[in-house]
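The block underneath contains the structure these notes are about, expressed in structure tokens.
Because the structure is predicted, anything quoted here is derived from the model rather than measured. Quick note on labels: first sequence line is chain A, next is B, and so on, each numbered from 1.
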Amino acid sequence: MKILVCITHVPDTTSRIAFKDDNTKFDDTGVQFIIGPYDDYALARAVELKDELNASITALHVGGAEADPTIRKALAIGADNAIRVNTPAEDSLNVAQQIAAVARQQNYDLILMGRESIDFNGGQVHGMVGALLDIPSISPVMELKIENRTAKMVREIEGGKEHVEVSLPLVAGCQEPIAEWKIPNMRGIMSARSKPLEVLEPVAADVQTASIKFELPPAKGAIKLVDADNVEELVNLLKNEAKVI
Amino acid sequence: MSVLVFVEGDNGKIKQSSQEAVSYAAAMQQSPVVAVALGSYSQDELAALGRNGADKVLHASDQQLDQGVIQAYASVLSLAMDSTGASTMVLARSSLADAVAARVSVMINGSLASNVIELPDQSDGFRVKRSIYTGKAFELVELLAARRVLTVKKNSVQLKEDGPSAAVEVFNPELNQEDFKASITATEKATGEVLLPEADIVVSGGRGLKGPENWYLIEELAAALGAATGCSKPVSDMEWRPHHEHVGQTGIKVSPSLYIAIGISGAIQHLAGVNSSKVIVVINKDPEAPFFKAADYGIVGDAFDVVPKLTAAINSLKS
Ligand SMILES: Cc1cc2nc3c(=O)[nH]c(=O)nc-3n(C[C@H](O)[C@H](O)[C@H](O)COP(=O)(O)OP(=O)(O)OC[C@H]3O[C@@H](n4cnc5c(N)ncnc54)[C@H](O)[C@@H]3O)c2cc1C
Ligand SMILES: Nc1ncnc2c1ncn2[C@@H]1O[C@H](COP(=O)(O)O)[C@@H](O)[C@H]1O
């Protein structure tokens, strides 16, 4: 059983977001980068499945060398080896085509991703990879069991959940509570240094979108505080000033 | 060039978010606007999409499509793109639409933009604004391919409700059984409550409510307002509330007209899920709670004291 886990290298969830070069580039000054939180769930579930199913885990990232420490962290958490496709992640389709190219070479039984990256927030790459490989893609997955090469999943839907079964191979976009995030231990960190991180050159891929510029949301105006003994005033403001009730 | 809109239903009723998506397509000023509905619907329900701006509705009524099987939906929608010659497909963001849109974009060799928050600018190419960094920023992106797929966030456009009724046409392409490899074996769904991603008003509670037994405070206020209920991550982690109510960076992102946060501190990861709300009200006993900085209105006070009074005040307003 071979599992591929696709990870992003994204600003920590507490980062202040800023842009540079006339708002065309992300300003990474002082920003700490992490494995995307949803990818972290995918990886955590893969590590659990590895023990249950005697599986091997490959961590895959599409991007530049700046992500190598993040990829090492995935190795420390429990991936057996890692691949980095050495190309800037231009757009989702480009990334998906790189991932699909790796997957075609290796025949993974299970491809786990996060439900979405927290920088680009596309929620797209898993579906695209599924379509490119012509295999099912299921997202967002909050429970995943493998029994006799069948994946039994719980998928979140509006106001509830759906139970889905499908035989492998499969792409799944993961979210909590699929597994508990795993923190690398000392032994994991030590062994990660010697695990293989292979750098592959990209395949030719399409770019179907072009990023023009970024902007920050307008600053919030000052808050209006209402006295706790005067809730009628709040109701009045919501009705007559904000006009939302 | 025609615009195709995937419309979704809940128990045979077209969702409000899908009506918004049709309104979005209508506002793009390209015609005709063709809605596509999959599975069982009444003729009247579909014809009513005309009010939102649909010129025509294609109905793929095969019962196999009563369940939202991602791969099958993607195939039928791609076929609909081909057969109508549409250049753009619009979907309201949802658990199903997000999963389907990505596959469709590959199948039609198109550009995909998800999380779109405004109408496109078609004056110079085709540009859309999308929400990124979990609501902390926006990106203007140009879609380069001749065909494109847009998933649109709630409240991106005014709901249109004054159109004439639409013509409904049967659209029953042959289904590929390979697309039904994934089978949906059961669905668990809350009934009768307002769905969180659809809701125009959301009332959310955090750890400040002390325990699940106190959720009546949230529920009664929500009922008074016709709102959906949400919560912070620790609240769903501790199973005080179901997971699908968890709002934030790792949960549901909401963009209602009004978000009321009660006993939630306003951690940056929570704010990430609510920062595109039009108006935010915070009730917290700690005047230093960071949520006040992101709010439009606030009350510094004890939820157990303030919320019942607020509920009563809303109820008396409504009666
Ligand atoms: C990677 C990552 C992702 C995360 N994703 C999310 C996410 O998606 N969503 C999310 O919510 N969190 C998320 N978190 C957690 C987040 O950082 C906070 O821990 C969480 O939001 C705090 O929840 P809370 O406000 O309910 O609880 P607390 O921080 O404990 O705040 C409780 C608040 O209630 C107030 N209070 C107490 N008693 C009363 C009373 N009687 N009346 C009124 N107010 C009262 C207190 O003053 C306090 O402000 C994430 C964290 C990480 C690291
Ligand atoms: N550059 C990348 N390298 C590897 N995996 C990625 C990359 N970008 C996205 N993914 C995977 O695809 C998922 C969805 O990403 P997105 O479509 O950008 O929201 C992420 O959670 C990752 O698992």
Note to self: Give me the atom names and distance for the closest heavy-atom approach of A:Leu216 to B:Ala137.
What the structure shows: CD2-CB, 4.1 Å
Check: Just how far is it from atom CG of A:Asp206 to atom OG of B:Ser111, taken to the nearest 0.5 Å?
Finding: 9.5 Å
Check: Between B:Asp296 and A:Lys220, is there a salt bridge with N-O shorter than 4.0 Å?
Finding: yes
Next item on the list: Kindly state whether the ring of B:Tyr133 and the ring of A:Phe120 have centres lying under 6.0 angstrom apart.
Entry: no
Notebook entry, point to check: Does A:Glu158 come within less than 4.0 Å of B:Lys189, counting only side-chain N to carboxylate O?
Noted result: no
Check: Of the non-hydrogen atoms in A:Val164 and B:Ala182, which two are nearest, and what is the gap between them?
Finding: CG1-CB, 4.0 Å
Notebook entry, point to check: Relative to chain A, which segment of B:Arg148 carries a heavy atom at a distance below 4.5 Å: side chain, backbone, both, or neither?
Noted result: neither
Item checked: Which portion of A:Leu93 sits near chain B, non-hydrogen atoms under 4.5 angstrom -> side chain
Notebook entry, point to check: Is there a side-chain contact between B:Lys233 and A:Glu176 (heavy atoms, below 4.5 Å)?
Noted result: yes
Checklist line | Electrostatic pair B:Glu142-A:Lys213, nearest N-O below 4.0 angstrom | finding: no
Next item on the list: Give a yes or no on whether B:Asn11 atom CG has more than 12 heavy-atom contacts from other residues, nucleotides or ligands under 6.0 Å away.
Entry: no
Notebook entry, point to check: What part of A:Ala96 is in contact with chain B, defined as an atom under 4.5 angstrom from a non-hydrogen atom: side chain, backbone, both or neither?
Noted result: neither
Notebook entry, point to check: Do A:Glu156 and B:Ser95 have side-chain atoms, one donor and one acceptor, less than 3.5 Å apart?
Noted result: no
Next item on the list: Among the options A:Pro217, A:Ser117, A:Ala242, pick out the one with the most heavy-atom pairs lying under 4.5 Å from chain B.
Entry: A:Pro217
Item checked: Atom group of B:Ala294 that falls short of 4.5 Å from chain A, counting heavy atoms -> backbone
Note to self: Do A:Val235 and B:Ile314 have side chains that approach each other closer than 4.5 Å (heavy atoms only, starting at C-beta)?
What the structure shows: yes
Checklist line | B:Ser316 portion near chain A, given a 4.5 angstrom heavy-atom threshold | finding: neither
Item checked: Closest heavy-atom pair and its distance - A:Leu234, B:Val281 -> CD2-CG1, 4.0 Å
Next item on the list: Taking atom NZ of A:Lys239 as the centre, report whether more than 12 heavy atoms of other residues, nucleotides or ligands fall under 6.0 Å from it.
Entry: no
Item checked: Shortest non-hydrogen contact from B:Arg103 toward A:Ile135 -> NH1-O, 2.8 Å
Note to self: Testing the 3.5 Å rule here: is there a donor-acceptor pair between the side chains of A:Gln124 and B:Ser114?
What the structure shows: yes
Margin query: One pair to check against side chain to side chain donor-acceptor pair (under 3.5 Å): B:Ser183 and A:Glu165. What are the steps and the verdict?
Written below: CA-CA 5 Å; B:Ser183 62; A:Glu165 288 188 19; 5.2 Å; no
Checklist line | Residue part contacting chain A, namely of B:Ile252, when any heavy atom lies under 4.5 Å | finding: side chain
Margin query: Do B:Ile70 and A:Arg155 have side chains that approach each other closer than 4.5 Å (heavy atoms only, starting at C-beta)?
Written below: yes
Item checked: Short side-chain donor-acceptor distance under 3.5 Å, A:Glu162 and B:Thr187 -> no
Checklist line | Nearest atoms (heavy-atom pairs only) where A:Ala228 meets B:Val306 | finding: CB-CG2, 4.0 Å
Item checked: Pairwise distance CD1(A:Ile138) to CD(B:Gln71) - rounded to 0.5 angstrom -> 7.5 Å
Check: A:Gln208 side chain to B:Asn109 main-chain N or O, any donor-acceptor pair under 3.5 Å?
Finding: yes
